[in-house]
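Just below is one structure, and these are the notes that go with it.
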Amino acid sequence: MAQVIPSSEISKHVDEEVTLQGWLYNRRGSKKLHFLEVRDGFGIIQCVMSKNAVDEATFAAAGELAQETSLHITGTVTAHPKKEGVYELKATGLEVVGVPTDPYPITPKEHGVEFLMDHRHLWLRSKRQHAVLRVRHAVVRAVREYFDEHDFTLIDAPIFTPNAVEGTSTLFETEYHGQSAYLTQSGQLYMEAGAAAFGKVYCFGPTFRAEKSKTRRHLQEFWMVEPEVAFMDLDGVMDLAEDFVCYVVARVLETRRADLEILERDISALEAVQKPFPRIHYTDAVAQIQKARPEDSEAPPLEWGSDFGGEDETLLSQGYDRPVMVHRYPAAVKAFYMKRDPGDDRLALGVDMLAPEGYGEIIGGGQRESDLEVLDAAIAHHGLPPEAFGWYRDLRRFGTFPHGGFGMGIERMVAWLCKLPHVRETIPFPRMLNRLSP
RNA sequence: UCCGGCUUAGCUCAGUCGGUAGAGCAAGUGGCUGUUAACCACUGGGUCGCUGGUUCGAGUCCAGCAGCCGGAGCCA
């Protein structure tokens with residue numbers, strides 16, 4: 001073996017003899033020439049083995065390699081004769097590490113969704129999945145960078161929670177030493193406590209929703225980042241969300257352009273994501289959607305006071321090349337903790353950010369109710385158990401303060417950035433309505 | 001929970017009017033010195049999702065069930 005290098009650094013070793021360690025991705029060849037595509041986790045390199053460059057046994061062994069055989073391959077780095085900027089390895093040695101016991105199930109041809117999901121642990125090795133998950137990593141890193149660089153303190157929210165806050169139908173219940181507990185649906189209430197202690201906080205972790213949803217936008221387990229800021233009003237929340245999304249998109253474009261190209265993503269659509277984003281009042285949004293609805297639409301008529309469906313969100317965002325923010329929804333369709341609009345009691349100071357290209361809601365947030373009496377009335381109005389909110393009410397009892405924040409779903413963000421048809425490919429091991437494994 | 005669609009070889013699919021099972025890929029064998037979802041030839045491979053019904057005869061028609069996919073509601 002020569003010096004082992006990752007395939008991502010091959011351009012720095014032209015004319016040197018190096019070793020790659022990885023797995024056979026694909027093989028083509030003839031009696032006297034083998035083309036071995038070797039995948040090492042960092043990329044894929046074509047290794048060319050001529051019959052006259054190696055001994056007979058090595059050449060024969062290379063011709064029998066099965067897909068996903070693990071191996072060390074040694075050779076001289078050269079420029080690809082036909083492709084500019086692409087390097088390949090003129091193989092001089094091959095060492096097989098692990099021979100597959102059975103044919104690899106994922107072939108270079110097409111497969112169906114169910115088959116691929118059953119083999120998700122192997123599917124991760126494929127080129128496109130590799131690209132998607134590297135974009136996901138870049139999003140996660142950008143999220144942390146943004147908040148860390150803007151004086152936010154990371155406050156981890158608990159995953160076990162004691163009480164049902166937004167109705168038990170969408171909660172996963174579990175046993176907790178003799179009492180029932182639920183997996184968290186949101187860290188927000190805890191972030192409000194954090195904001196009172198640290199001013200600017202965020203949490204980032206898995207979130208669980210037992211929704212009977214099987215659409216392209218839903219997972220049972222997904223990751224959400226939730227910032228919360230003391231003394232921030234609705235306009236401040238929108239400023240923050242806009243600045244944050246621009247930063248994440250820019251960082252992904254900066255660091256993962258090659259992966260977006262593998263996914264054949266239209267990069268100019270992402271480059272258009274610049275401040276300011278349109279801010280549309282709910283009432284105006286309803287009018288725009290009503291106007292944009294095709295006459296043969298099968299959706300129920302949209303009236304002032306109702307929430308938007310997926311189709312409505314797509315119609316609304318269609319006219320824009322960047323995300324739009326819809327603010328001041330009817331309080332009746334929003335959570336109990338949202339502050340009422342002082343200018344119109346029917347409205348809540350909430351905001352949803354809708355991604356372009358039909359990806360729908362990627363951010364939901366707003367200003368929180370800070371008046372104890374109003375909050376108590378809202379808890380009662382929503383039929384929630386007051387005893388569950390003892391500590392939460394304390395935040396209003398001891399130095400109440402205006403504050404707000406939002407939650408962003410990582411998977412929907414990644415699906416949009418990669419322009420994927422479904423969020424299931426944006427998380428390594430998706431948990432869906434009918435899938436708990438692998 | 002509701003609405004619609006799908007289920008045939010390891011995988012992706014075709015299968016006409018109801019007449020007894022097909023292709024490509026994968027696997028195996030052989031050929032080919034620049035291939036790149038390589039190509040060419042040959043070989044093996046089937047409980048047509050399950051149960052029941054109609055019929056001389058069902059992959060095909062009917063009913064029930066199951067699984068999957070998409071959508072609605074709900075949400076990030």
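To find a chain, count down the sequence lines: A is the first, B the second, and so on, and within it residues start at 1.
Within 4.0 Å of A:Met408, counting heavy atoms only, lies no atom of the nucleic acid at all. At a threshold of 4.0 angstrom between heavy atoms, the contacts of A:Phe115 are confined to the sugar-phosphate backbone, with no base atom among them. Residue-level contact check: A:Gly360 touches neither bases nor backbone, having no heavy atom under 4.0 Å from any strand. Residue contacts for A:Gln46: at a heavy-atom cut-off of 4.0 Å it reaches a base atom on one of the strands shown. A:Leu219 comes within 4.0 angstrom of a nucleotide base, judged by non-hydrogen atoms across all strands. Within the nucleic acid shown, A:Lys83 comes within 4.0 Å of at least one base atom, counting heavy atoms only. Among the atoms of the strands shown, none is found under 4.0 Å from any heavy atom of A:His34.
The side chain of A:Asn434 places an N or O atom within less than 4.0 Å of a non-bridging phosphate oxygen (OP1 or OP2) of B:C68. For A:Lys82 and B:U35, the shortest distance from a side-chain N or O to OP1 or OP2 is below 4.0 Å. Listed pair A:Arg217 / B:C75 fails the phosphate criterion, with no side-chain N or O lying under 4.0 Å from OP1 or OP2. The shortest distance between the side-chain N/O atoms of A:Lys31 and the OP1/OP2 oxygens of B:G31 is below 4.0 Å. For the OP1/OP2 pair of B:A38 and a distance below 4.0 Å, the side-chain nitrogens and oxygens of A:Asn26 include at least one atom meeting the criterion. Neither OP1 nor OP2 of B:U35 sits under 4.0 Å from any side-chain N or O of A:Arg28.
The salt bridge (Lys or Arg N to Asp or Glu O under 4.0 Å) pairs that include a residue from residues 405-419 of chain A are A:Arg136-A:Glu411, A:Glu357-A:Lys419, where partners are two or more places apart or lie in different chains.
Here the side chain of A:Asn52 is nearest to one of B:U33, B:A26, B:G73, namely B:U33. The listed nucleotides are B:U35, B:C68, B:C75; the one nearest the side chain of A:Phe35 is B:U35. Each of B:U36, B:A76, B:U33 was ranked by its minimum atom distance to the side chain of A:Arg412; first place goes to B:A76. Of all nucleotides listed (B:G71, B:U36, B:U33), B:U33 comes nearest to the side chain of A:Leu33. Closest to the A:Lys214 side chain, of the nucleotides B:C69, B:U33, B:A27, is B:C69. Minimum atom distance to the side chain of A:Ser30 is reached by B:C32, of the listed B:A37, B:C69, B:C32. Counting only heavy atoms from C-beta on, A:His111 has its side chain closest to B:C11 among B:C11, B:A72, B:U35.
Between A:Phe406 and A:Phe244, the ring planes lie tilted relative to each other; the angle falls in the 30° to 60° range.
Under the Watson-Crick and G-U wobble criteria, each requiring two contacts below 3.5 Å, nucleotide B:U51 is paired to B:A63. Checking B:G24 for Watson-Crick or G-U wobble geometry (two distances, each under 3.5 Å) identifies B:C11 as its partner.
Distance alone, capped at 3.5 Å, places no donor-acceptor pair between the A:Arg424 side chain and the A:Met432 backbone.
A:Phe389 and A:Phe336 have their aromatic ring centers within a separation under 6.0 angstrom.
Here the options are A:Phe147, A:Tyr146, A:Phe152, the test is ring pair (Phe, Tyr, Trp, His ring centres under 6.0 Å), and the partner is A:His150; only A:Tyr146 passes.
A cation-pi contact, defined as under 6.0 Å to the ring centre and within 45° of the axis, is absent between A:Arg128 and A:Trp123.
Here the separation of B:C3 from B:C39, taken at their C1' atoms, is 47 Å to the nearest Å. Atom name C1', nucleotides B:G70 and B:G53: the rounded distance is 31 Å, in whole Å. Nucleotides B:C62 and B:C6 are separated by 12 Å at their P atoms, to the nearest Å. A gap of 25 Å separates the P atoms of B:C13 and B:U36, to the nearest Å.
In the interface, the side chain of A:Arg424 is not paired with the base of B:C69 through any donor and acceptor atom under 3.5 Å apart. Between the side chain of A:His218 and the base of B:C75, at least one donor-acceptor pair of N or O atoms lies under 3.5 Å.
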